[in-house]
Visitor: 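What follows is a structure written as structure tokens; I'll ask about it next.
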There are 2 protein chains.
Amino acid sequence: MAATSRDTGDRPRSAQRPAAQGERRADARRNIQAILDAAQLCLARDADASVADIAKAAGVGRVTLYGHFGTRADLVDAVLTRTVEQADAVLDATDTTGDPSQALARLVGASWQIVHQFRSVLQAAQRELPAERIRAVHDRILHRVQTIIDRGQRAGAFRDDLPKRWLVTTAFSLMHAAAEDSAAGRLDADDAARVISVTLLAALAAPGAAAATSTP
Amino acid sequence: MAATSRDTGDRPRSAQRPAAQGERRADARRNIQAILDAAQLCLARDADASVADIAKAAGVGRVTLYGHFGTRADLVDAVLTRTVEQADAVLDATDTTGDPSQALARLVGASWQIVHQFRSVLQAAQRELPAERIRAVHDRILHRVQTIIDRGQRAGAFRDDLPKRWLVTTAFSLMHAAAEDSAAGRLDADDAARVISVTLLAALAAPGAAAATSTP
DNA sequence: AGTAACCGGAACAGCATAGTTCGTGTTGCC
DNA sequence: GGCAACACGAACTATGCTGTTCCGGTTACT
């Protein structure tokens with residue numbers, strides 16, 4: 001249903017078909033990226049941003065947007081897919097082996113901004129897409145942090161007297177809060193990774209451990 | 001502008017005036033409370049809940065709702081005012097003297113649900129009310145936690161190597177996260193106060209201090 | 001150079017919501 | 001008991017949004 005597949009039967013300007021499967025003119029490819037970029041920014045600011053707002057921000061006409069994305073839900077799904085792919089790429093490139101505390105600090109440093117962007121898009125998606133679709137992508141993100149917390153607990157570095165699910169929630173809520181404070185000018189973006197890591201590791205440290213230090 | 005003042009010039013059923021300033025019939029008072037109750041619940045679930053949804057949940061007609069609240073913004077403002085008053089009442093009743101860690105734990109225990117409810121209403125209000133109005137009520141809530149954190153830092157119990165504003169944000173983000181997890185069934189509501197306090201106090205503890213324990 | 005792919009403003013239909021008016025009935029206060 | 005305060009469904013206007021159609025112009029690919 002997304003622009004990448006283009007096999008949508010009855011659609012406006014349905015005669016528009018690429019010469020080959022998936023093939024497109026350069027201006028069409030440029031517009032699709034511009035629309036996705038604009039949608040990501042607009043939806044992060046306001047989950048109810050209109051299709052007209054997004055088209056304007058992308059510098060294209062509404063009919064052009066509808067030419068590439070059949071419905072608002074199609075567009076939101078495409079943005080969600082792209083956001084997940086971007087998050088996966090960054091997270092795949094992050095070393096999560098070795099000392100759990102240091103691994104978590106690296107993961108936090110690499111992903112705090114993406115995690116927040118992801119959540120903004122997710123909120124918009126929740127209004128348009130089925131709950132299963134939302135859960136599928138949400139769980140993939142959670143899983144990585146959970147794996148490190150599991151390792152940390154087994155190694156005795158992280159506390160195990162609180163629900164594990166809550167520790168994961170704590171990690172995400174601190175990243176989201178930092179992203180919001182940073183966007184609002186209340187927190188220096190350059191300092192955010194350190195601030196989140198110090199706070200999170202202090203919160204997660206096994207009681208009595210000397211892990212609760214000023215800098216990781 | 002809210003139902004309490006009733007001096008709104010040209011309004012539907014403008015002939016409806018209480019016998020005395022602010023005086024109302026019993027059924028009108030009951031309906032106003034029902035509308036505010038319903039608005040608080042509906043807006044907490046969905047900041048875009050319609051006036052028709054709220055009226056239905058309150059068990060009144062839309063015209064009746066408009067008879068008491070001139071516009072949607074008037075209603076949202078009234079809900080915000082009431083929510084702030086409720087939060088003030090609970091927070092005023094909480095002992096914030098003595099040991100900063102224990103004071104913060106008490107404050108958290110008393111307010112985690114209210115703080116979340118307050119934020120939900122605040123999100124709805126942000127779409128309807130001027131930014132100054134939002135900031136005025138928001139800062140009042142933040143101030144109480146900030147005062148305790150100040151005391152804790154002076155007493156050496158809380159860390160001072162992270163921005164103070166961030167420590168306040170941490171407290172609020174953990175309360176919000178716990179409320180969301182509780183609402184979603186991922187956290188036992190009866191255990192939430194303990195879980196938040198333990199996590200928060202561990203995060204705030206001055207490095208090296210023995211405050212990072214399992215139970216406050 | 002030719003032409004299909006692509007673009008996009010105008011206009012339309014349908015839907016949802018906010019706010020208003022009308023008219024009639026009910027309630028509760030004096 | 002009387003009557004003003006209160007209630008409320010139906011119907012209306014206005015606005016904004018989604019999605020579609022039309023049609024003429026532009027771009028870019030061969």
Side-chain angles (χ1 to χ4, degrees), chain A residues 1 3 6 8-35 38-39 42-43 46-77 124 127-128, chain B residues 1 3 6 8-35 38-39 42-43 46-77 124 127-128:
Chain A
M1 203 63 75
R6 295 300 298 272
T8 53
D10 289 315
R11 280 189 50 196
R13 303 206 322 282
S14 60
Q16 290 179 338
R17 294 238 174 250
Q21 179 80 10
E23 196 74 9
R24 273 191 190 79
R25 270 172 39 170
D27 55 350
R29 289 198 299 274
R30 269 197 312 274
N31 279 344
I32 289 171
Q33 287 310 311
I35 291 165
C42 291
L43 293 173
D46 177 10
D48 289 323
S50 68
V51 170
D53 286 338
I54 294 169
K56 190 167 184 174
V60 303
R62 269 202 320 129
V63 180
T64 300
L65 191 153
Y66 277 108
H68 296 303
F69 302 94
T71 66
R72 179 190 173 87
D74 288 342
L75 174 59
V76 170
D77 195 294
R127 303 159 187 260
E128 312 278 347
Chain B
M1 204 64 72
R6 297 297 299 272
T8 53
D10 289 315
R11 282 188 49 196
R13 297 200 336 276
S14 59
Q16 290 179 339
R17 296 234 174 253
Q21 181 79 10
E23 197 73 11
R24 274 191 190 77
R25 271 170 40 168
D27 54 352
R29 290 198 298 271
R30 268 197 311 276
N31 278 346
I32 288 171
Q33 287 311 311
I35 293 166
C42 292
L43 293 172
D46 176 11
D48 290 322
S50 68
V51 170
D53 287 337
I54 294 168
K56 189 169 187 175
V60 302
R62 272 203 318 129
V63 180
T64 301
L65 190 152
Y66 277 107
H68 296 302
F69 302 93
T71 65
R72 178 190 175 86
D74 288 343
L75 175 58
V76 170
D77 194 295
R127 301 158 188 262
E128 312 280 347

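Every chain is numbered from 1, with letters handed out A, B, ... down the list of sequences.
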Visitor: About how many Å separate CG of Leu65(A) and CZ of Arg72(A), when rounded to the nearest 0.5 Å?
Guide: 10.5 Å
Visitor: Please tell me which of Ala73(B) and Val60(A) maps to the more 5' nucleotide of DNA chain C, matching each residue to the nucleotide holding its nearest heavy atom.
Guide: Val60(A)
Visitor: About how many Å separate CD1 of Ile32(A) and CG of Leu75(A), when rounded to the nearest 0.5 Å?
Guide: 11.0 Å
Visitor: What donor-acceptor contacts under 3.5 angstrom involve side-chain atoms of residues 53-62 of chain B, with partners at least two apart or in another chain?
Guide:
residue: Asp53(B); atom: OD2; partner: Ser50(B); partner atom: N; Å: 3.4
residue: Asp53(B); atom: OD2; partner: Ser50(B); partner atom: OG; Å: 3.1

Visitor: For Ile54(A) and dG16(D), give me the distance from atom CD1 to atom P, rounded to whole Å.
Guide: 18 Å
Visitor: What is the distance from CG of Leu65(B) to P of dG9(D), rounded to the nearest Å?
Guide: 12 Å
Visitor: Let me test you: for the helix from dA1(C)-dT30(D) to dC30(C)-dG1(D), what is the angle between the axes at its two ends (five pairs each), rounded to 10 degrees?
Guide: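 Rounded to the nearest 10 degrees, the bend comes out at 20°.
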Visitor: What closest approach, in Å, do Ala28(A) and Arg24(A) show between heavy atoms, and which atom pair accounts for it?
Guide: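 Looking at all heavy atoms of both residues, the closest pair is CB-CD, 4.0 Å.
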Visitor: Please check the phosphate of dC6(D) (OP1 and OP2 only) for any side-chain N or O of Asn31(B) closer than 4.0 Å.
Guide: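 Negative; the distance criterion is not met.
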Visitor: Give the nucleotide from the list dA10(D), dC7(C), dA10(C) with an atom nearest to the side chain of His68(A).
Guide: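 Shortest atom-to-atom distance from the side chain points to dC7(C).
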Visitor: With the sugar-phosphate defined as primed atoms, P, OP1 and OP2, and the base as all remaining atoms, what B/S/- string results for nucleotides 12-17 of chain C, 5' to 3', for protein heavy atoms under 4.0 Å?
Guide: -----S
Visitor: For Asp46(A), what residues pass the salt bridge (charged side-chain N to carboxylate O under 4.0 Å, His left out) criterion, not counting sequence neighbours?
Guide: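 Partners of Asp46(A) by the salt bridge (charged side-chain N to carboxylate O under 4.0 Å, His left out) criterion come out as none, since no residue qualifies.
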Visitor: Side-chain contact, heavy-atom cut-off 4.5 Å: Phe69(B) with Val76(B)?
Guide: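 Phe69(B) does not reach Val76(B) side chain to side chain.
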Visitor: Tyr66(A) OH to dC22(D) C1': how many Å, rounded?
Guide: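 Atom OH in Tyr66(A) sits about 17 Å away from atom C1' in dC22(D).
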Visitor: Drop me the distance from Gln33(B)'s CD to His68(B)'s NE2, to the nearest 0.5 angstrom.
Guide: 11.0 Å
Visitor: Side chain of Val63(A): nearest nucleotide among dT20(C), dA7(D), dG8(C)?
Guide: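 Given the options dT20(C), dA7(D), dG8(C), the side chain of Val63(A) is closest to dG8(C).
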Visitor: What nitrogen or oxygen pairs link the protein and nucleotides 28-30 of chain D at under 3.5 Å?
Guide:
residue: dA28(D); atom: OP1; partner: Arg30(A); partner atom: NH2; Å: 2.9
residue: dC29(D); atom: OP1; partner: Ala26(A); partner atom: N; Å: 2.8

Visitor: Taking only residues two or more places apart in sequence, or in another chain, which ones meet Arg25(B) in a salt bridge (charged side-chain N to carboxylate O under 4.0 Å, His left out)?
Guide: Asp27(B)
Visitor: Is there a side-chain contact between Thr71(A) and Asp74(A) in this structure, where contact means two heavy atoms from C-beta onward sitting under 4.5 Å apart?
Guide: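 A side-chain contact exists here, since the closest heavy-atom pair is under 4.5 Å.
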